[in-house]
Amino acid sequence: MSAAFDKLARPIQKWTRQQGWKELRDIQARATHVLMDGNRDLIVAASTAGGKTEAAFLPLLSQVLDEPCEDSGFDVLYVAPLKALITDQARRLEEICRDTDLPITPWHGDVSSSVKAKATKRPRGVLLITPESLEALFIRRGLEIPRLFGATRAVILDELHSVLDSERGIQMRSLLTRLEIALKRPIRRVGLSATLGDMELAKAYLRPDSPSEVEQVIAEGGSAELQLQLHGYVAGDKDDEGPSATDAIAQHLFENLRGSDNLVFGGARQAVEIYSDRLRALCEKEHLPQEFYPHHASLSREHRDFVERRLKDGTAPTTAICTSTLELGIDIGDVTCVGQIGAPFSVASLRQRLGRSGRRPGKPAILRQYAVEAKLTPTSNFSDRLRLGMVRAIAMIELLLEGWCEPPQREALHLSTLVHQILSVIAERGGIRAQQLYGILCQIGPFRQVDTQLFLDVLRALGQPEVALIEQASDGLLLLGANGEKLVEHYSFYAVFQTPEEYRLISGGKELGTLPIDNMIAPGMLLIFSGRRWLVQEVLARDRVILVAPAKAGVPPIFGGDPGNIHDRVIQRMFDVLEGQKRPIYLDATALELLDEARSNYGQLLFDPGTIAQLSDNAAVIATKTGSVRTTTLALALRASGFTVQTHDGFLEVFGKDESPELIDALSALADGKEVDLFAHSPNLLFEKFHPHLTEELLQKDALSAHLDASGLAELTHAILGRD
DNA sequence: GACCTGCTGCGGACTG
């Protein structure tokens with residue numbers, strides 16, 4: 001055994017031998033050297049089941065066993081974003097520590113209060129906890145924090161890649177600084193992550209003040225062979241003979257996946273249900289045992305456990321048709337193939353999904369991508385003619401093959417999460433001065449984009465009598481207000497993310513249905529609902545209502561025109577695909593036909609002066625050639641100039657009104673730096689959980705920092721007009 | 001044209 005092995009404590013060595021391991025894995029040996037020879041922070045990056053957990057825990061547990069700490073408190077803190085992961089890891093650690101007296105304490109909402117009471121009475125060993133439960137400890141037991149964590153020598157952050165730029169990630173960073181402030185000393189940070197798009201950004205996330213001091217251990221590999229296929233399908237009309245695209249895909253999955261373990265990502269819950277149903281029917285028809293099961297968050301925990309167990313134990317062949325539920329989380333073992341129906345939303349997620357396949361030596365990773373495109377008619381929308389879904393799938397596969405994936409987003413203000421942490425720190429301490437609060441959250445903590453003026457504006461908003469989340473005592477101390485007390489008291493406070501709320505769509509007093517909105521929607525924009533195109537008339541964000549009218553203009557694309565958060569680089573690659581000649585070898589015959597069709601239709605759009613094409617007298621298409629942030633910004637700017645606008649991947653469809661200026665004139669004005677009020681028509685600005693407590697002005701600043709790029713508008717319009 | 005994640009303390013009924 002190696003030098004790294006010799007460093008481990010005896011009981012840990014014994015466990016390792018019992019596993020039949022001849023050697024520590026490479027990342028485990030390297031992590032052991034880093035963790036046992038110094039006190040540096042560390043990021044361990046490897047795929048699921050790559051041995052990351054042991055890489056962090058074997059050396060840290062060895063230190064705890066060989067050099068016990070005199071102070072009271074848990075020795076090691078482990079934070080993970082999923083309850084299932086905590087339960088799973090606790091079980092593995094129990095095994096490792098069986099011959100020691102180190103207690104392992106899983107702590108989340110499903111853990112009984114007796115376990116928690118016992119652990120807090122005499123805190124020792126390893127605490128495995130969710131960010132929300134840790135938040136609750138700060139709020140409910142603020143004064144006990146030093147006693148609970150006085151001995152803590154390291155905190156392990158699992159699934160680091162999944163929280164890097166999210167609200168929960170900011171919350172976790174804030175909690176870590178608050179922990180260090182309460183203990184008056186730094187605590188070593190160890191991040192466990194999937195392969196990252198940008199290691200430097202991850203280091204800055206883990207230790208913002210000294211990212212260059214963070215060590216990294218990255219798994220070698222990714223050497224598995226990749227087998228790729230992209231299957232194209234054309235959605236049929238009702239009167240068409242032959243199977244629908246859905247039936248054809250189900251048949252193809254049935255024939256190719258039967259008899260092995262697979263994951264098929266269906267995109268949406270409804271699609272997951274439809275495909276599962278077809279596949280079940282196919283099994284019944286052939287009198288075969290059932291092996292295709294749906295898996296998404298609306299299904300019961302019992303059913304999901306059943307599917308996960310079947311995948312993991314490998315006794316019976318199992319294919320899960322799933323949403324992103326099976327992208328993260330516990331190890332479900334190796335699968336033969338990963339299916340993806342429709343274009344994914346990010347290359348990072350595609351890579352993570354593909355990482356579930358081809359993990360055994362000598363086995364290839366297999367990706368089967370399915371693209372469904374509309375049957376074209378003389379009145380088809382331009383976006384259907386350009387086959388944008390399939391083109392995006394190709395662009396993402398190309399970027400995946402090049403090893404690229406999206407880096408974390410730029411630093412935003414995160415005002416909703418700031419509100420949460422303001423209330424939480426006040427609750428933890430009973431009361432605090434504004435200046436000290438600013439220091440904790442914005443100078444040492446993660447809200448560094450927030451200057452003192454903005455911070456005071458936020459405090460003022462929260463202190464408004466009708467808001468009453470905080471108040472100031474006569475001695476200047478900030479306290480919770482009446483509403484703040486109520487909010488913090490309820491257990492629903494601990495989570496910092498919003499549970500999606502649906503907007504009601506109303507046309508002429510009649511309700512059309514509900515739609516979850518997580519994008520910038522403003523009056524004068526078009527949206528698709530139940531196969532029809534609607535003009536947004538008014539957004540009543542605080543009532544969660546959108547008033548719409550049937551839109552006269554144009555035929556809607558098969559899928560809506562509401563692009564999610566697509567990165568600039570993906571859109572640029574889509575244009576490379578449209579403008580290029582290369583015919584990727586992984587496309588099947590139909591996909592090749594669709595690609596040729598897309599290129600030919602793109603050529604016929606006659607873009608002049610390069611990026612603007614006139615569709616009819618009052619309709620034009622602009623190729624923005626850039627991602628959703630800048631495309632949405634231009635959409636709002638044109639809307640402010642009187643146009644009706646619909647967004648697509650890298651394109652805007654623009655309709656004039658009688659009183660609207662010519663499109664070129666409007667773009668020229670923007671290129672010349674004309675100031676427009678992007679919020680002139682009250683777009684929806686309530687995206688996050690604590691947004692409803694902020695003023696319109698603060699909401700606009702938050703949106704500008706995260707969802708829009710006002711300063712890039714002149715540059716974008718310059719490019720569109722072909723100016724230098 | 002999406003998807004996912006999380007949650008305390010207390011009172012009262014019941015069991016051994």
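Note on naming: letters A, B, ... go to the chains in the order of the sequence lines (proteins, then strands), and numbering restarts at 1 for each one.
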Please encode protein proximity along nucleotides 8-16 of chain B as a string of B, S and -, counting only heavy-atom distances under 4.0 Å. BS-------
Please tell me whether A/Thr633 and A/Asp709 have a donor and an acceptor in their side chains that are separated by less than 3.5 angstrom. no
Could you work out which one of B/dC7, B/dT5, B/dC3 sits closest to the side chain of A/Arg304? B/dT5
Checking B/dC4, B/dC7, B/dA2 against the side chain of A/Ala297 (C-beta onward), the nearest is B/dC4
Contacts of A/Ala268 and A/Thr499 projected onto DNA chain B by closest heavy atom; the upstream (5') one is A/Ala268
Quick one: A/Lys83 NZ to B/dT5 C1', roughly how many Å, whole number? 9 Å
Which part of the nucleic acid, if any, lies within contact of A/Glu159, taking any heavy atom under 4.0 Å across all strands shown: a base, the sugar-phosphate backbone alone, or nothing? nothing
Is the aromatic ring of A/Phe497 within stacking range of B/dT5, meaning centres under 5.5 angstrom and planes under 30 degrees? yes
Who pairs with A/His295 by ring pair (Phe, Tyr, Trp, His ring centres under 6.0 Å), at least two apart in sequence or on another chain? none
May I ask you to check whether A/Phe651 and A/Phe382 place their ring centres under 6.0 Å from each other? yes
For A/Arg269 and A/His296, indicate whether the former's side chain and the latter's backbone hold a donor-acceptor pair under 3.5 Å. no
May I ask you to check whether A/Phe529 and A/Tyr503 place their ring centers less than 6.0 Å from one another? no
Quickly work out the A/Leu326 CG to B/dA2 C1' distance and round it to whole Å. 15 Å
If the cut-off is 4.0 Å, is A/Thr130 near the phosphate of B/dC7, judged by side-chain N/O to OP1 or OP2? yes
Between atom CG in A/Leu157 and atom P in B/dT5, what is the gap in whole Å? 20 Å
Side-chain donor/acceptor of A/Tyr491 to backbone N/O of A/Ala136, under 3.5 Å: no
In whole Å, I'd like the distance from the CZ atom of A/Phe345 to the C1' atom of B/dC4. 13 Å
Taking atom C1' of B/dC4 as reference, at what distance in whole Å does atom CG of A/Asn565 sit? 16 Å
Separation of B/dC7 C1' from A/Arg168 CZ (nearest whole Å): 11 Å
Please state how far atom CE in A/Met390 lies from atom C1' in B/dG1, giving the value in whole angstrom units. 18 Å
Could you work out, with salt bridge (Lys or Arg N to Asp or Glu O under 4.0 Å) as the rule, every residue matching A/Glu132, not counting sequence neighbours? A/Arg168
From CH2 of A/Trp534 over to C1' of B/dG1, roughly how many Å is that when rounded to an integer? 18 Å
When all nucleic acid strands are considered with a 4.0 Å heavy-atom cut-off, which category describes A/Thr325: base, sugar-phosphate, or nothing? sugar-phosphate
Should A/Thr323 be listed as having a side-chain N or O under 4.0 Å from OP1 or OP2 of B/dC4? yes
